[in-house]
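Protein chains get the first letters and strands the later ones, always in sequence-line order, with residue 1 at the start of each.
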Amino acid sequence: MKIKSKYSPGTRKFLQYGLILPLVLWLFMFLIVPYVNLLINSFWKNGAFKVEHTFTLENYIKFFTSGTGTNRPVMVLLDTLRISAIVMVCSILISFPIAYFINFKVKKNKQLFYMLAIIPLWVSYIMRAYSWRIILGTNGILNSFFMWTGLTKEPIDAFLYSDVSVIIAMVHIYTPFVLMPMYTAMEQIPRNLLEASKDLGCGRIRTFFKVLLPLTLPGVLTGGTYALALSMGDFLAPSLLGGASTSTKIANIAQLQFGTSNNWPYGAAIGVIIFVLILLIILVMGRLEKHFSKLEPGKE
Amino acid sequence: MEKKGAITLKNINKYYGKNHVLKDLDFEIRPGEFLSLLGPSGCGKTTILRLIAGLEYLDSGEIYMDEDRIDRLEPYKRNLNTVFQNYALFPHMDVYKNIAYGLKAKWLGHKEIDRRVKEAISMVKLEGFEKRQPSQMSGGQKQRVSIARAIVNQAPVLLLDEPLTALDLKLRKEMRFELRRLQKQLGITFIFVTHDQEEAIVMSDRIAVMNGGRIEQVGTPEEIYSHPASQFVAEFIGETNVFEAVAAVDGSELRLRMESGTASALNIKGVSDNEFVNCSVRPDAIRLSETPVEGFNIPGVVSECIFSGSFEKAIIRLVNDKEIKYTRLSGSKIPEPGTKVYVYWDKCDAEIMKTEGHIVHSQIEEVDLSAWNN
C-alpha cells in the first residue's frame, strides 16, 4: 500500500536533500576543504619568499631523511607515538578504577560522582596545563612539600620541563575522554550477568576477568583511541611543560613550520603524515573494537 | 554422597530501606520437590529466591541447605544454581562456553567438561546450537541455554526466577511441561518463582502462596485450590465467590446468615455460634435452581451471559447488589439474562474461612426476602 504524502514530489525531493544540505556544506567547508588544502600544499615547493606552485615530493623526502640521531623527524614521530602510548595506558589505568567505583560502589548520586570525574573538561586547556607548572615547578607545591617534609634538601628540577611533566599533564587532560566511553560501556553491562557468574561458582576476580573486563573492552578501546589520537596532535603541553629539546614532539615541529620556520609545504607534509598515522591507528582500534563489540550486551 | 537439596528458612526478615519485605518467614522445602513461590508482584517471592542464592543478605534469620547453614556464604560457595528471569547469558560467549562456564570455574578436566556440556545440551534439546551467539537466538532458545547452564553443574537445588514470563503464550505452555520433565529426570529440588497461578498449579508438587511478605499457605495444588486457607489464597488461585456470613451451628453443619440470604456448609473447621466467617464457593461449584433448595435461600437475577470458548460464564446479581460468577462447560443449559434464579451449592464445595470480621460482617441482619420469594 502506498501512503499518499501531503507534499508534492518536488517538495519531497527538496525535503529529502535540502534538509541535509547545511550539514554537507558545513562538513565540506570546515573539514574536506582544509584537508584537501593541506594535502595539496604538502606537494608544493617552498620558494625563497613565497610558496611556489610546482609539484614536488621533497617535503616528504625531507621528513624521512633530514636530521641526525634523535633529532630526525621520523625519530621524533616515533618518540611522540611512544609518549602518546604511555599517556593512553596511564589514562586507561586511572579511568578503569574510577569507572568501576562509580558504577558498582556508589549507590546514591552516581551522576554527581560522574560529573565530578569529568569536570576537568570544563576548565580551559591552558589553565590545566599551566596549573602543572605551579605544582611541578622548582618552587612549586610538590617541591615545597618535599622540602617541608625533609625528604629532600634541594628542590628537584626533574619534575618540570621533561617528558614526565608532559605525560602527567596530558594524562590529566585526556583522562576524562577515556573515562566517558569506559563508564558508559560498564554501565550497560546488565547486573544479572555478574550475579550469574557468581551463581555459577566464580569469585570476584574470575568474574572480573571473565565477564566485566571483556564486556568493558569496547569502551576501553574507544577511550584509548581518543587519548592516543589527541595526545599525538598536542603541541601545547610539550611546549609549556616539556624540556627545551628532548621533549619536542612531532606536533611542535609541524607548528614551527607555520610560524618561525615559515615553511608551509613542509608543515603540511608533516600534517599529512600525522593525519595518516592517526587514521591508521583509529582503523586498527576500530577493527578491534568491532571484534569485541560483536559480543556486546544489549542486543537482546 | 547422596545429594539431597532441602532448604530450610528460619525466621527470615528482610528490609529494603524501611520497607519490610519479608516478615518472620519460616518454612521448609523438601528435597527433590518442585515448589512454586506464587504471589502478586511485590510480595517478596523473588527476594526469597535471591536470599537463597546469596544475591541479597538477610537482616535476620537463618537459611539451611540440608544440615549446613548457608546464609553467610558467598553466592559462589553455595551448591545451587539460578535460572534468571532475563536469561542473563554471557553475550561474549557462544552457547557452549556459556554452559561450560560453571564447570570451568570448578577446574574440571577438559573431557569431563565436554561430556557434561553435551549431556546438558541434549537434555534441553539444543544439539547443533553449540557455536551460536546468544544474540542470534530466540527467547525460547536462550531460555534453554540458561537452564542448561544451570543444571550442568549438577547442584541439588535449582532456583528459577520467573523463567517463562518473557516467552510467548504457546512457548510458555510447552516449557512448563519440559521443565517438569527435566525436574523429574534430574530428581533435584526446583524452587520456582511465578506470579502465574496456572503455571504454579500445572507444574508444582507444592505451592507456597505469598502475600505482603508472608506465606499465606503451603500445600499441594489440589489443597490450595479446594481448601484455601484464607480469602487471599481463594481469590488469588482461580476465580471464586466470597460470601461474608455469620455462622450458626446445626449439628455437623453450619447455617450461614448473609446479606444476600441464607446458606449452608459443612462445619469442618470447628466454627462456633455467631462467629464471623467468609464462605468461598468456586464459580464452577455454584448451582442454580428455579425454586428454593432446602438449606439455601439466595435469590438472584441472571444479569449477563458470556461465552468464552470451552466455558460459558454468567453473572448473577443478588439482593444486596453483589454480583457472583457462575461457569459451566459450554453446551449445558444456562439461563437467559433476566431469569430469576435461586443460588445454592453442594455443602462440601463451600470453603469456610474464619475471619476477624469486617464492617460487612457486623452489619449482616436478617434479610427480608419475602418480596423476592413471591
If I take atom [atom1] from residue [X] and atom [atom2] from residue [Y], how far apart are they, to the nearest 0.5 angstrom?
X      : Y      : atom1 : atom2 : value
B/F84  : A/D199 : CZ    : CG    : 4.5 Å
A/C202 : B/K106 : SG    : NZ    : 10.5 Å
B/Y76  : A/T207 : OH    : OG1   : 8.5 Å
A/L200 : B/R149 : CG    : CZ    : 5.0 Å
A/L194 : B/F90  : CG    : CZ    : 8.5 Å

Crowded around [X] [atom1]? As in, over 12 foreign heavy atoms under 6.0 Å?
X      : atom1 : value
B/R72  : CZ    : no
A/Y17  : OH    : no
B/F34  : CZ    : yes
B/K170 : NZ    : no
A/I20  : CD1   : no
B/Y16  : OH    : yes
B/F27  : CZ    : yes
A/I205 : CD1   : no

Report summary line: Most heavy-atom pairs under 4.5 Å with chain B, out of A/R204, A/R191, A/E195, A/K210, belong to A/E195

Requested in this report: Go through the atoms of B/K104 and report whether side chain, backbone, both or neither lie under 4.5 Å from a heavy atom of chain A.
Outcome: both

Query raised in the report: Side chain, backbone, both or neither: which part of B/N153 has a heavy atom under 4.5 Å from chain A?
Result: side chain

Query raised in the report: Going by heavy atoms in the side chains, are A/P190 and B/N86 under 4.5 Å from each other?
Result: no

Query - Interface residue of largest heavy-atom contact number with chain A, from B/G139, B/A105, B/A150, B/G102, under 4.5 Å - result: B/A105

Query raised in the report: Between B/Y101 and A/S197, which heavy-atom pair has the shortest distance, and what is it?
Result: OH-OG, 2.7 Å

